[in-house]
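Notes follow once the structure below has been shown.
Naming: A, B, ... by sequence-line order, numbering from 1 per chain. If you're wondering where the values come from, they're calculated on a predicted model, not measured in any experiment.
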Amino acid sequence: MSRIAQCAARASQERRGLLIPYLVAGDPDFATSLQLMHELVRQGADMLEIGIPFSDPTSDGPVIQRGVERALGAGASLGGTLQLAAHFRASDGQTPLVLMGYLNPIETMGYAQFAEACDLAGVDGVLVVDMPPHEAGDLSGLLGEREIDRIFLVAPTTDSARTAEIIESTSGYLYYASLKGVTGARLEDRESVANDMARLRKLTSLPVVIGFGINDEETAVAMNTLGDGVIIGSALVERIAALPPAGQRQASSISEAASLIGAVRRALDNCESRDSRESRDSGDASRKERDS
Amino acid sequence: MPEASGEFSAPDETGHFGPYGGVFVGETLMRAVTELAAAYDSLRRDERFWQGFDAELASYVGRPSPIYLAERLSDSCQGARIWLKREDLNHTGAHKINNAIGQALLARQMGKTRLIAETGAGQHGVASATVAARLGLECHVYMGAEDVLRQAPNVYRMESLGARVIAVESGSRTLKDAMNEALRDWAANVDDTYYLIGTVAGPHPYPCMVRDFQSVIGREARSQFLERTGGLPDVLVACVGGGSNAIGLFHPFLADREVAMVGVEAAGEGLGTARHAAPLCAGRPGVLHGNRTYLMSDDDGQILDTHSISAGLDYPGVGPEHAWLKDLGRVRYVAASDAETLAAFHQLTRLEGIVPALESSHALAWATRLAADMERGQSILVNLSGRGDKDLETVARLTGAHSASAS
């Protein structure tokens, strides 16, 4: 069982929502990223999504774009991202790491070399934003051989035929982008997300985590009741942007930047509403029905 | 209606030209792209749509554009005869309008009320704003903040036409960033918005669709040339940024094996420097803006800043069909420098009384060089893709600087 699957199974057993922060590798610099990663885990992150910096992040909103620009300005790269993962892994053997990025740096490195490097660095999953399953070529197979999960996105606009194709290609967890547009935009209304979740539950037993547009405890709790967990990206990257320059940082600066994740962790753990148990139970029931 | 031409009848159903092209977009854009592909696929077979398109081209654009034998230019080269396909005579001054009209008609058919477009120099932005005014559609044009400063007259022109021009401050603040921003807008507003891409790049169906709309250039040129000379030209020459005017000229000739083709990229300050915009000559395959093609990118896969004297060629990618035609060896891709381009600009202006766009001047620079090495009985057809009024200020500034430094 992959680290991601183990982590998700444990959370499900404990009836805990998965909390997955996203940060850009090397934003604002390599050392700070590494400190932040450990701090996020300390404050309650279940897994980490690490953005591979790319000059043209077309699926990202302004907050993450600026994070990417900061990282590239400080010399970040795909190679550096893999090094960051390896450094993290050297002192944390537990927390699943997912790399999220765009295809061009990966294609430039070469699929085989990338898959091998992920394996060596202790990366558990890969999400390539601009690579739909049918364009994945050898990459999915190469990652699969190394038991690295292939994570894909489903959007509110994804039709059922595509949803089935995406689920077929996905392992680890399914990423539900809960809005139209780019990262950091506003959430779709709760009801349409709930409808989509019900639809996805019937199609897969994979954990479904919800991302795009979750920026505080309240939205996190609301979305978590509908899925198996939440991804928080732009709201965290915004706090990273506000970090004082390295020279002027207090010992507490890093933990303050990560405190959003701590607050969401507490909110998720305290607010397991009845509503959520019901929806999850019915999810379990439909899964059992399908399995039997 | 566009016809397939034998072995060159790409793309396949999934939008691939050999290993190039395809649909590399985030899931949030997938439905928009799929819907567009389906809409275009059905329209492509609709005779009435093409009749409507042709009628617009005739009455609104002023097509067919003539071919013109540039006698004094040819004489100065002492070699092959140089002919020009006069896209500079189109309404709005360039070939861009052909595609803008085709896509705007499609947008209207799809029930979209809002057009968005990206622009570099502003030519495609002007063409989009023009057809939006013509069809009563809302129009937002994304333009890199750098380009907004460099191309102020075109910004005013677009705004006069009723378009809103949005300055893009991200990345290198040029054409590629404008395209990034337009893609983001489209993802967020898929319901009412049509993204009118100005070149043969982007995810499928854009490279195929834009080629189909621009192929009117080559179809006209082919029959005009046959009529005037009784044969076909020996060589076709066109400039290549994204590559829409070039593919428009080349495509209807692809099956004519005896016709050689040359695409001229922007060598900027030289292919040996970092300051050029020639992905086919000096780049490598990769994925950007929805398709796999040749790109200017570094060893880490980051997209590089480009440079060209002409803002219209200042783009780090190129249409995937060009990437494929390069690998097949059907088209030869070369590059002309800023200096050669400026010389060609002046040469055509003085010898023929035609002021070419700096984009098209790249093609002229190569054609005149080529002509000198060819026989007098041979002929070259150059796509004069646009007029140079928009570039006079740039040329005046550079020429002034050049004379000053030379003296």
| field | Side chain B/Q302, main chain A/S55, donor-acceptor under 3.5 Å | value | yes

| query | Does the side chain of B/D327 come under 3.5 Å of the side chain of B/Y20 through a donor N or O and an acceptor N or O? | reply | yes

| request: Under 4.5 Å, counting heavy-atom pairs only, tell me which of B/V23, B/L288, B/L29 racks up the most with chain A. | output: B/V23

Output a table of donor-acceptor pairs, distance under 3.5 Å, between side-chain atoms of residues 163-170 of chain B and any protein atom two or more places apart or on a different chain; print 'none' if there are none.
unit_1 : atom_1 : unit_2 : atom_2 : d
B/E169 : OE1    : B/R173 : NE     : 3.2
B/E169 : OE1    : B/R173 : NH2    : 2.8

| field | Per-residue contact mode, A/R162 against chain B (heavy atom under 4.5 angstrom) | value | side chain

| Measuring heavy-atom distances to chain B, does A/L72 have an atom under 4.5 Å in its side chain, in its backbone, in both, or in neither? | side chain

| Separation between CG of A/D130 and CG of A/N104, rounded to the nearest 0.5 Å | 8.5 Å

| What part of A/D56 lies closer than 4.5 angstrom to a heavy atom of chain B: side chain, backbone, both or neither? | both

| said: For B/A311, is there any backbone N or O sitting under 3.5 Å from a side-chain donor or acceptor partner on B/S308? | reply: no

| task | Name the region of A/V154, side chain, backbone, both or neither, that has any atom closer than 4.5 Å to a heavy atom of chain B. | result | backbone

| Closest non-hydrogen atom pair between B/H204 and B/E13, with its separation | NE2-O, 3.9 Å

| message | Side chains of B/H124 and B/N99 only: does a donor on one sit below 3.5 Å from an acceptor on the other? | response | no

| Residue that, paired with A/S33, satisfies side-chain contact (heavy atoms from CB on, under 4.5 Å) out of A/L84, A/I50, A/V24, A/T81 | A/L84

| field | Which of B/A32, B/G301, B/G290, B/G171 touches chain A most, by non-hydrogen pairs under 4.5 Å | value | B/G301

| With a 4.5 angstrom heavy-atom cut-off, which part of A/E107 approaches chain B: side chain, backbone, both or neither? | side chain

| Short question: side chain of A/D60, backbone of A/I64 - any donor-acceptor pair under 3.5 Å? | no

| task | May I ask you to list the residues in residues 312-326 of chain B that approach chain A closer than 4.5 angstrom, counting heavy atoms only, ordered by number? | result | none

